[in-house]
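Contents: one structure, followed by commentary.
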Amino acid sequence: IFIFSSILYFYIEKSIYEEKHQELIQHAKNIANNKDLYTMNADHGDIVLGLNIEVITLKKVHTEINIYEKMENNHTYLTLIYPFNIDTLSYLKITKDISQTKHILEKILNYIFIINIVGFLLVVIYAITLSKMLISPVKGLSARLSNMNEHLMRPIRIRSLPEEFVPLGETINHLIARIQNFVKY
């Protein structure tokens with residue numbers, strides 16, 4: 001349960017972060033191609049909110065896209081450095097507040113922990129109940145056999161036994177018959 005839940009959580013976290021990364025890269029591509037930022041997702045206006053877009057210059061040429069996460073004032077920000085104009089060493093720095101996403105991931109993790117604990121308790125209760133059910137016929141056979149003496153031996157009723165214990169009951173009845181014959185002699 002714990003392994004499956006951990007795999008599930010890390011998959012959810014990775015897919016959400018990958019979606020946020022792709023979203024920032026798409027914003028950067030639209031800005032770099034001199035497109036309007038709002039035309040990319042006209043039906044999702046809330047995606048554009050919370051962006052901080054700057055044009056920065058670096059001392060070295062970086063052709064790869066850099067994405068990093070930072071914490072500031074109890075907020076988590078995802079920042080993308082995207083090549084804007086390589087000739088002038090200018091880059092787009094797009095920052096988005098992903099505190100809500102982090103909060104949702106923490107809630108998911110807490111729910112997974114609660115479900116794991118409840119699931120583990122249910123498995124333990126089920127295992128204890130099942131083991132008691134399986135041991136009860138053996139305890140019944142043991143009680144019947146311990147109350148017998150050589151003069152008051154009665155065969156065990158095989159029909160009242162579970163199917164798994166019928167061969168054992170037949171063997172015990174055969175042994176009782178042999179003991180009764182021995183006592184008669």
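Sequential numbering from 1 along the given sequence is applied to the chain's residues.
Looking at heavy atoms from C-beta onward, Y17 lies out of side-chain contact with T101 at the 4.5 angstrom threshold. H21 has its side chain out of reach of L80: every pair of non-hydrogen atoms, C-beta onward, lies at least 4.5 Å apart. Inter-residue side-chain proximity for N66 and T79 is flagged as unmet; no heavy-atom pair is nearer than 4.5 Å. Using a 4.5 Å heavy-atom cutoff, the side chains of T88 and T57 are not in contact. At a threshold of 4.5 Å between non-hydrogen side-chain atoms, the residues F84 and I56 do not count as touching. E72 is not listed as a side-chain neighbour of H75, based on a closest heavy-atom distance of 4.5 Å or more.
By the criterion of side-chain heavy atoms lying less than 4.5 angstrom apart, applied directly or through intervening Ile, Leu, Val, Met, Phe, Trp or Tyr residues, I112 is not grouped with L122; the two fall into different hydrophobic clusters. Connection of F120 to F4 is not established within any shared hydrophobic cluster, with ILVMFWY side chains joined at heavy-atom distances below 4.5 Å, either directly or through further cluster members. One hydrophobic cluster, built from ILVMFWY side chains closer than 4.5 Å, cannot hold both Y77 and Y82; they sit in different ones. Grouping the Ile, Leu, Val, Met, Phe, Trp and Tyr side chains by contacts below 4.5 angstrom, directly or via other members, places V138 with I172. Grouping the Ile, Leu, Val, Met, Phe, Trp and Tyr side chains by contacts below 4.5 angstrom, directly or via other members, places I104 with F10.
A search for salt bridge (charged side-chain N to carboxylate O under 4.0 Å, His left out) contacts involving E69 returns K102, not counting sequence neighbours.
Counting all heavy atoms, side chain and backbone alike, N116 lies closest to S5 at OD1-OG, 2.7 Å. Between Y91 and P83 the shortest heavy-atom distance is CD2-CA, 3.3 Å. Across all their heavy atoms, I81 and K93 have their closest contact at CD1-CG, 3.7 Å.
Note: L8 CG to I1 CD1 = 13.0 Å, rounded to the nearest 0.5 Å. For the atom pair CG (L105) and CG (N110), the distance works out to 11.0 Å, reported to the nearest 0.5 Å. In this structure, CD on E23 lies 10.0 Å from CD on Q26, to the nearest 0.5 angstrom. From L175, atom CG reaches atom CD of Q180 across 10.5 Å, with rounding to the nearest 0.5 Å. Atoms CD1 and CG, from I25 and L92 in turn, are 12.5 Å apart once rounded to the nearest 0.5 Å. In this structure, NE2 in H27 is found 5.5 Å from NZ in K96, a value given to the nearest 0.5 Å.
Annotation: K14, atom NZ; neighbour count of heavy atoms from other residues, nucleotides and ligands within 6.0 Å does not exceed 12. Atom CD of E19 is surrounded by 12 or fewer heavy atoms from other residues, nucleotides or ligands within 6.0 Å.
Although no hydrogens or angles enter the test, the distance criterion places no donor-acceptor pair under 3.5 Å between the side chain of T76 and the main chain of S99.
A donor and an acceptor atom, one from each side chain of E18 and Q22, are located under 3.5 Å apart.
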